[in-house]
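Everything on this sheet refers to the single structure shown next.
Every chain is numbered from 1 and lettered A, B, ... according to where its sequence line falls, protein lines coming before strand lines.
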Amino acid sequence: MPSPRDHQPVRVRFAPSPTGLLHLGGARTAMYNYLLARQTGGQFILRIEDTDQKRYDPTAEQDIIDSLHWLGLQWDEGPDVGGPHGPYRQSERKALYQPLAAQLIENGQAFYCFCSREELEASRNEQKARGVQARYAGPCRDLSPEEAQARVAAGAEHVIRFKMPREGSITVTDRLRGDITFENRNLDDSVIVKSDGLPVYHLAAMADDYLMKITHVFRGEEWLPSLPLHAHIYRAFGWTEPEWVHLSLFLKPSGKGKMSKRETEAMRLTGQTIFVKEMGALGFLPEGVLNWVALMGWSYDDSTEFFTLEDLVSKFTIDRLNPSNAAIDFKKLDHFNSLHLRALPPEELARRCMPFLVAAGLPADLETVTRIAPIIRERMVTLDEAPDWMAFFFKDKVEPAPESLIAKDLTAAESRAALARATAELEALPEWTHTAMEEKLRALVEELGLKAGQLFGLVRNATAAQPVSPPLFESMEILGREVTLARLKYALGLLETLT
RNA sequence: GCCCCCAUCGUCUAGGGGACCAGGACGUGACCCUUUCAAGGUCAAGACCGGGGUUCGAAUCCCCGUGGGGGCACCA
C-alpha cells in the first residue's frame, strides 16, 4: 500500500558504519534511498555511524564515498558536502545525544546502570542455562534516582539503559510486512549510552533520524528484532515515527545464510566479489551492478528487466519491494553487465576499456579502440576481457602457430596456395573496406571450391593469431592494409616451413 | 533455547479469489543463423513446501505444521 508520504519530497539517509568495504547489500540500500529522493525531489543524506571506536576503520569512510560515487549515487547532505542538519558523522554529534539521554532519565524512561561486564555476563549465562531469554536482570533498574545520581556524581562508571516496560506490547508498522506486534516482556533494557559516553546505534540513529527529519528508513531485515526498541524510543520522546522499510537480505549464492568473511575471501579466487570497490576492477559497469542489484528484492512488472538509473528513479516504488531474502546470482550480474556494455556508445565503451588495455601493457589509443568497440561489444561480458579481444590490434607482430595455418581438410601446400591467393586479392583491392574484402574473398572461396570457414579461418589465424576473434573483415579494415598484408605474408612464410 | 521475518521453476521474480493445466529473466538442453566466438531467433525441460479451513471457486485469504533466514553485546 503506497503511503502519501512516498510522494511528498522525502528525506532519506544511507547510514553505514565505517567498519569495512561497502558491499552489495549496502549498495542496494543506498540506491533505494537515492531513487526515492530523486523521484520525489527530496534529499538523500549520507551519515556516518561511527560511534564504535573499537571497530572503526579509518579507510572505510573513503571507501564508502568512493564506491557510492562510482555507482553514481550522489547525496545532497553528508560529511564531505555538509548540509543544514550536520554534522553528518555521529562522533561529531556527541553533544546532541547527551541531553536526549538525560531527558529519558528525567522522565523515568531510562536509568543509569552500574553493573560490571562480568556481572552481566554471569547473569546472561545463568539465564541461558535455565533456558530463558537472557535479559538485563541487575538491580540498577530499581535504584532510586537520588542514589543513581549520587553514584554518577561520585564518578562511578556507568551506562544508560532504556527502561523497557515489563508488560504490554508494542505494534509497529513495517511497509513490507504490515503491523508487527512484540510483547514487551520479551524485550530488554538495552544500553543506549555506553560508558565512554557515546550513544549506541539505538539512540544515535533514532535521534539523528529525528533531528535530520528523516521520513523513510530503509535498512536491512537484520534490524527487525530491534524495531520495537526503536519504536519505543521514538514514542518515549513523543516523536512521529518514520516509515519503516526493512529490506530483504542478500544470501550467499547457495542460498544458505548471509555471506561470511571466509566465503567472501574464497569468492575472490573465483573472480567474484560482493564489494563495490572491487567490481570495477573485475570489469563490471556501475550500470550493470545497479540494474542487477535493483532487481534483487524489487520488480517493476512481469517482463521489464533492463533499467538505467534514470529509469529506476522514475519507476521505483516501495510497494513493489519483495520481503523475502534473495540468493546472490553472479551469472545474472554477467548478463546485466553485458546488456549495459552493449548499450554504451562506442566511444564511451572505448573510454572504459582503456584502463584495462593500458594495464595489459598495450599501446592502445582511444580512436582505434572506439573503432573496435562496435565489433566486440556483443561478445564482451566484462571490461577486463578487453585486452583478450583487442591485443592483436596493437601488437607489432603476431606469432600464429604454424599448424593453425592449415585449414581443415586441406594440406599445408593447399592452405599455402589458398592463403597466397587471398593475399594477392586483398593486395589488389583499390579500397580497404570490409565490404570490399568480404566480396573478394567470398568470390575466391567460390572459385577455389572451398568452404568459407576454411579460407576465412586461415586468414583469421594469420592476422589475429587466435582462433576466437572479432569478425574478420571488420578487424582487417581496422588493422589497416599495411599491417594486414604484412601479417599475411609472414604467415605464408611460416607455411613454407611446413611444406 | 527464546523472539521476529519469509515461503512460486536450480536462481531472481510476475501473480494480490475466477483472466493460470502459473508469465518473464538468468542458467541448462536442442535446433536455426553463421568466417571463429558471441549476439539473435525458435523450441524444450523446470515451481505454487505440507495439512486443514473460508469460498461456488484458491498460488492468491485464515490457522497449524514444516522448511529457510535473521536477531538475542557497553557492534552496527
Any K54(A) side-chain N or O less than 4.0 Å from OP1/OP2 of C75(B): yes
Heavy atoms only, 4.0 Å cut-off, all strands: where does W389(A) land among base, sugar-phosphate and nothing? base
Could you check how far CD of E126(A) sits from C1' of G1(B), rounded to whole Å? 14 Å
Does the side chain of D188(A) come under 3.5 Å of the side chain of S190(A) through a donor N or O and an acceptor N or O? no
Between T181(A) and T171(A), is there a side-chain donor-acceptor contact under 3.5 Å, judged purely by atom types and distance? yes
Do E119(A) and S123(A) have side-chain N/O donor and acceptor atoms under 3.5 Å apart? no
Short of 4.0 Å, heavy atom to strand atom, which residues of residues 467-479 of chain A count as contacting RNA chain B? P467(A), V468(A), S469(A), P470(A), P471(A), L472(A), F473(A)
Identify whether any heavy atom of T51(A) sits under 4.0 Å from a base atom; if not, whether one sits that close to sugar-phosphate; answer base, sugar-phosphate or nothing. sugar-phosphate
Counting only side-chain nitrogens and oxygens, does R342(A) get under 4.0 Å of the OP1 or OP2 atom of G40(B)? yes
The complete set of salt bridge (Lys or Arg N to Asp or Glu O under 4.0 Å) pairs with one or both residues in residues 177-186 of chain A, sequence neighbours excluded, reads D174(A)-R177(A), R177(A)-E221(A)
Are the charged groups of E474(A) and R371(A) less than 4.0 angstrom apart, N to O? no
Geometric cation-pi criterion, R151(A) with Y112(A): 6.0 Å, 45°: no
Report which part of the nucleic acid R161(A) touches: base, sugar-phosphate, or nothing (heavy-atom distance under 4.0 Å, all strands). sugar-phosphate
What contact category does G457(A) fall into here, base, sugar-phosphate, or nothing, at under 4.0 angstrom with non-hydrogen atoms? nothing
I'd like to know if S195(A) reaches the base of C74(B) with its side chain such that a donor and an acceptor end up less than 3.5 angstrom apart. yes
